[in-house]
Amino acid sequence: MRKFIGLATLAICGLTAGSAGAVSTSINYIDLLPGTDLQACLSEAETAMSSIGLSVMPRTASAAWADSTQRDRLFTIYCIPDRQIAVVVGSDADSDATDSVGNELDLLVDRFINPVNTGRK
């Protein structure tokens, strides 16, 4: 599992490094509940993203994307149900924003694990 996460980290860093000279990046992962399928994971990811005020972008095949309208930040949740994990990544164009990105990423992870009760039934 650590080898897989290490490879995912390298791939993600390569993506963010190619788009900007210096960025702040924070990465974490979530253990998915057994039986969580790809579509459920993506839906939960988008719900978590919008619940913290991010602007949800169109999905890709296995990832939910969102950006921040207040800051130049991009967040991605890669759903990998066959490994029972979701890799969560946040980046900011400001190379000095690592702590702030990490805090926002922690909130996103928390909302994914513990969705906010919207009162709907």
Side-chain angles (χ1 to χ4, degrees):
M1 179 63 80
R2 289 181 193 257
K3 183 177 180 181
F4 175 77
I5 292 173
L7 291 173
T9 302
L10 288 174
I12 292 163
C13 289
L15 288 174
T16 57
S19 62
V23 297
S24 294
T25 303
S26 188
I27 301 172
N28 202 341
Y29 75 95
I30 300 164
D31 291 315
L32 298 176
L33 295 174
T36 302
D37 67 14
L38 179 61
Q39 294 309 312
C41 178
L42 291 171
S43 293
E44 290 174 32
E46 289 174 340
T47 299
M49 290 170 159
S50 66
S51 78
I52 67 166
L54 297 174
S55 178
V56 176
M57 301 164 61
R59 295 178 181 177
T60 55
S62 61
W65 297 78
D67 63 359
S68 173
T69 55
Q70 293 87 18
R71 299 174 194 90
D72 193 10
R73 292 193 177 158
L74 179 66
F75 292 87
T76 309
I77 298 180
Y78 295 92
C79 295
I80 311 164
D82 60 326
R83 301 276 189 208
Q84 289 186 290
I85 65 167
V87 178
V88 186
V89 181
S91 64
D92 188 299
D94 180 1
S95 63
D96 294 327
T98 302
D99 289 342
S100 179
V101 172
N103 292 339
E104 202 164 3
L105 188 102
D106 289 344
L107 180 58
L108 179 56
V109 167
D110 182 59
R111 290 289 173 88
F112 186 97
I113 295 169
N114 303 301
V116 174
N117 184 352
T118 61
R120 293 184 292 189
K121 294 181 181 186

Item to check | Side chain to side chain, Thr36 and Pro81, heavy atoms closer than 4.5 Å | outcome: no
Checklist entry - Are Leu38 and Leu33 linked, directly or through other ILVMFWY residues, by side chains that come within less than 4.5 angstrom of each other? => result no
Checklist entry - For Ile52 and Glu104, which heavy atoms make the closest approach, and how far apart are they? => result CD1-O, 4.1 Å
Next on the checklist: Count I, L, V, M, F, W, Y as connected when their side-chain heavy atoms are under 4.5 Å apart, and connections chain through other members. Are Val56 and Leu107 then in the same cluster?
Outcome noted: yes
Item to check | side-chain hydrogen bond (donor to acceptor under 3.5 Å, both in side chains) evaluation trace for Arg59 with Ser43 | outcome: CA-CA 10 Å; Arg59 295 178 181 177; Ser43 293; 3.2 Å; yes
Next on the checklist: Applying side-chain contact (heavy atoms from CB on, under 4.5 Å) to Thr25 and Val101, what does each step give before you reach the verdict?
Outcome noted: CA-CA 7 Å; Thr25 303; Val101 172; over 6 Å; no
Item to check | Considering all heavy atoms, the nearest Ala66-Leu54 contact | outcome: CB-CB, 3.7 Å
Next on the checklist: Pair Ser62, Ile80 - check side-chain contact (heavy atoms from CB on, under 4.5 Å), show working.
Outcome noted: CA-CA 7 Å; Ser62 61; Ile80 311 164; over 6 Å; no
Checklist entry - Take atom CG in Asp99; do more than 12 heavy atoms of anything else shown fall under 6.0 Å from it? => result no
Checklist entry - So, for Ala45 and Ile77, which heavy atoms are closest and what is the spacing to 0.1 Å? => result CB-CD1, 3.6 Å
Next on the checklist: Under the side-chain contact (heavy atoms from CB on, under 4.5 Å) test against Tyr29, which residue among Leu32, Ile27, Asp31 passes?
Outcome noted: Asp31
Next on the checklist: Quick check: closest heavy atoms across Glu46 and Ala64, and the distance to 0.1 Å?
Outcome noted: CG-CB, 3.9 Å
Next on the checklist: Hydrogens and angles aside, do Ser100 and Arg73 bring a side-chain donor and acceptor to less than 3.5 Å of each other?
Outcome noted: yes
Next on the checklist: Please determine whether residues Leu105 and Met57 belong to a single hydrophobic cluster, defined as Ile, Leu, Val, Met, Phe, Trp and Tyr linked transitively by side-chain heavy-atom distances below 4.5 Å.
Outcome noted: no
Next on the checklist: Please find the pair of heavy atoms, one from Arg71 and one from Asp92, that lie closest to each other, and give the distance.
Outcome noted: CB-OD2, 4.4 Å
Item to check | Worked verdict on Val88 versus Phe75 for side-chain contact (heavy atoms from CB on, under 4.5 Å) | outcome: CA-CA 7 Å; Val88 186; Phe75 292 87; 5.7 Å; no
Item to check | Ser51/Phe112 under side-chain contact (heavy atoms from CB on, under 4.5 Å): CA gap, chis, key distance, verdict | outcome: CA-CA 9 Å; Ser51 78; Phe112 186 97; over 6 Å; no
Item to check | Nearest non-hydrogen partners of Ser24 and Asp96, listed with the distance | outcome: OG-N, 3.7 Å
Checklist entry - How many angstroms lie between CG in Asn103 and CG in Leu108, if you round to the nearest 0.5 Å? => result 12.5 Å
Checklist entry - To the nearest 0.5 Å, how far apart are CG in Leu42 and OG1 in Thr47? => result 10.5 Å
